[in-house]
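Below, read A as the first sequence line, B as the second, and so on, with proteins coming before strands; counting in each chain starts at 1. The shown structure was predicted, so the numbers you read here are calculated from the model rather than taken from an experiment.
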2 protein chains.
Amino acid sequence: MTISLKEEKKVFGGRQIRYEHTSSVLNCTMQFSVFLPPQVEQGKVPAVYWLSGLTCTDENFSSKAGAQRVAAELGLALIIPDTSPRGDDVPDDADGAYDFGKGAGFYVNATEQPWQQHYRMYDYIVDELPALVEANLPVSDARAISGHSMGGHGALVIGLRNSSRYASISAFSPIVHPTAVPWGKKAFSGYLGDNESAWQDYDATVLLRASKGKNVPPILLDQGEADNFLEEQLRTEFFVEANEAVGAGARIRMQPGYDHSYYFIATFIEDHLRFHASNLR
Amino acid sequence: MTISLKEEKKVFGGRQIRYEHTSSVLNCTMQFSVFLPPQVEQGKVPAVYWLSGLTCTDENFSSKAGAQRVAAELGLALIIPDTSPRGDDVPDDADGAYDFGKGAGFYVNATEQPWQQHYRMYDYIVDELPALVEANLPVSDARAISGHSMGGHGALVIGLRNSSRYASISAFSPIVHPTAVPWGKKAFSGYLGDNESAWQDYDATVLLRASKGKNVPPILLDQGEADNFLEEQLRTEFFVEANEAVGAGARIRMQPGYDHSYYFIATFIEDHLRFHASNLR
C-alpha cells in the first residue's frame, strides 16, 4: 500500500498533489489527486471525497471547481479519484462510448465479463482508497463524500450504504435514479447484467426509500434548472419524492438558470464544503 | 462592429459568455469571452481586461482562475480575448512551436512578412476590442488590464503606453523584459524584424524606465518563487530595479512556493480584482 508523488503545486497556502499507486482492487495503476490544506502542519485533517462525472479524470475538479480556497480556510483535505480503472490492460467500450467503460465506471462492482476483473470502483472508493490515504497522508478517518452527475450518483449511493463511514453526503446534478434512466440502464446492464434486482443496491432513490429515513447522513443536493440532462437522465424529482416519503431530511435545492457545467459547481462548492465541515466537526 | 453569442453559462449569479466577431484589425474571425456580473442589471459596469499566456485561448482563464466569484461581488466585467489571430488563413509557425505564431501573438503589431496582415494584437487589444465591447455590451470605458506570463507582458506594455485608458495594471508571472530573454527575442525578431530599436516599445522594463515614473498607473505584480520560467524568461528583477530607479511605486510581490500555473493565479486573483476595483472607483 504505497503511493508515489507525481506532481505537487502550491495553491491557497496548501498543496495540490497528484499521486500514483497500484490498485489491487482495480488491478491496474491509478492516479488520484489530493488537496492538503495548511492545517496539516498541526495534525490530521478530515476529508471530503469528490467523485467526478462521465469522461472526467481527477484533474477536472482539481482545476475548475475553485474548491481549494474554502478547503484551505476550513482545514479540509480533498480526495479526488479517477472515474474508472485505466491502462492498456483494462477493457473499454468497443465503440469508445463516453458513457460506458473508461471514464464511466459508475462506482459499481461489475459482475459481468469482461468488466469484473477491473471495474470495481465501489470497493475502490469505499475501502481501498481511504485506507491508502489514511495510511500515507495526514488525513483522518473523518470523511464526507460529494460528487457531480455520475459522481453525484456515486456519492449518494456510497454515503447511503455506508452511513457510519461518512459524516455527510452532497451532490451536484446527480443521477438520482439510475435504474430508470438511459445512462444508468446502459451502465448497469453492462456491468451488472440483465438481472435488475442486482441494480437496486446502486440506486440512490431505491436506497433512500429502503432506509425508511433511518441512519441517513445529512444530505445537500444542488440541481441546476437549466441542466440539459435534467429531464432525461437526472430526474431529481424521484429523489425529492423519496426524501419526502421517508422524511429523510435531505436538503434539495433547485437552482434557476444553472446548467450541468463546472461553472455551476464552482458557484456552489463553498456551500457544500461548509456543510460538510459543519458535519465533520 | 457586431458580435454573435456562441455560448452562455450562469456562474455566481452572473453570465459567462463566449462571443464571435470578425476582426478588421486581425483580418480573421475571433472569439472572446466575457463575464458580466449581476450588477449590469443596474447599468454599465467597469471592466478588467485579461490577457492570457502562451498556448492559451479565452477559455483557460474563464474556467480555471475562479475570478467570477469576486468579479460578481465587486461588479466588474471580465473581458478575456484570445492570444493570437486564428483560422486557416492565418499563418502559423512552420514547426508548430508553442512560443511563436498561433497562441503566441505577444500583443505586438507585426511589421514583418508573413505576419503583418494578421498579427496585430496590440491594436486589437487597445482599440478594436474595447470599442466592440463598449458598443455592444453593458460595459463602460472604465478599464483596468491584467494578464499572465506573455499576457502579463502584454498588460504591462499596453497599460504603460496607454495610461489614460487604464485605471490600473496588474500581472502574474509576466515576461518583464522581453528584449533580454529567449521567448521575447524569438517573438520580436520574428514579428518585428532584426532592428532591435523597434522592440523597445514592447518592453515593460524599458517603458517603465523611459517614463521616469510619470503617468504610471498603479501596478500590482505577483511572481511565484518556484516558477520554472523565472530565471530564464521572466526575470522579475529587471522590473524591480526599474521600478526603484524611477520611483514608479509598483507593488511587486514575490510569492514563496508558487509556480507558473493557474493554481497560482487562482490563489491571488482576488487581490488583483480588489486592487483594480479600488482604482476603477
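Once rounded to the nearest 0.5 Å, the distance linking OG1 of A:T267 with CD of B:Q16 reads 10.5 Å. The CZ atom of B:F12 sits 11.5 Å away from the CZ atom of A:F264 when rounded to the nearest 0.5 Å. To the nearest 0.5 Å, atoms CG (A:D259) and CD (B:E7) are separated by 8.0 Å.
Residues of residues 35-53 of chain B never come closer than 4.5 Å to chain A when only heavy atoms are counted. Contact annotation for residues 56-64 of chain A against chain B (heavy-atom separation below 4.5 Å, listed by residue number): A:S62, A:S63, A:K64.
Around the CD atom of A:E231, the shell of radius 6.0 Å holds no more than 12 heavy atoms that belong to other residues, nucleotides or ligands. For A:R253, the CZ atom sits in a packed shell: over 12 heavy atoms of surrounding residues, nucleotides or ligands are nearer than 6.0 Å.
Using a 4.5 Å cut-off between heavy atoms, A:Y262 makes no contact with chain B at all. For chain B, the nearby part of A:Q68 is the side chain; its heavy atoms alone come within less than 4.5 Å.
Residues A:K10 and B:Y263 share a closest heavy-atom pair of O-CB, 3.9 Å.
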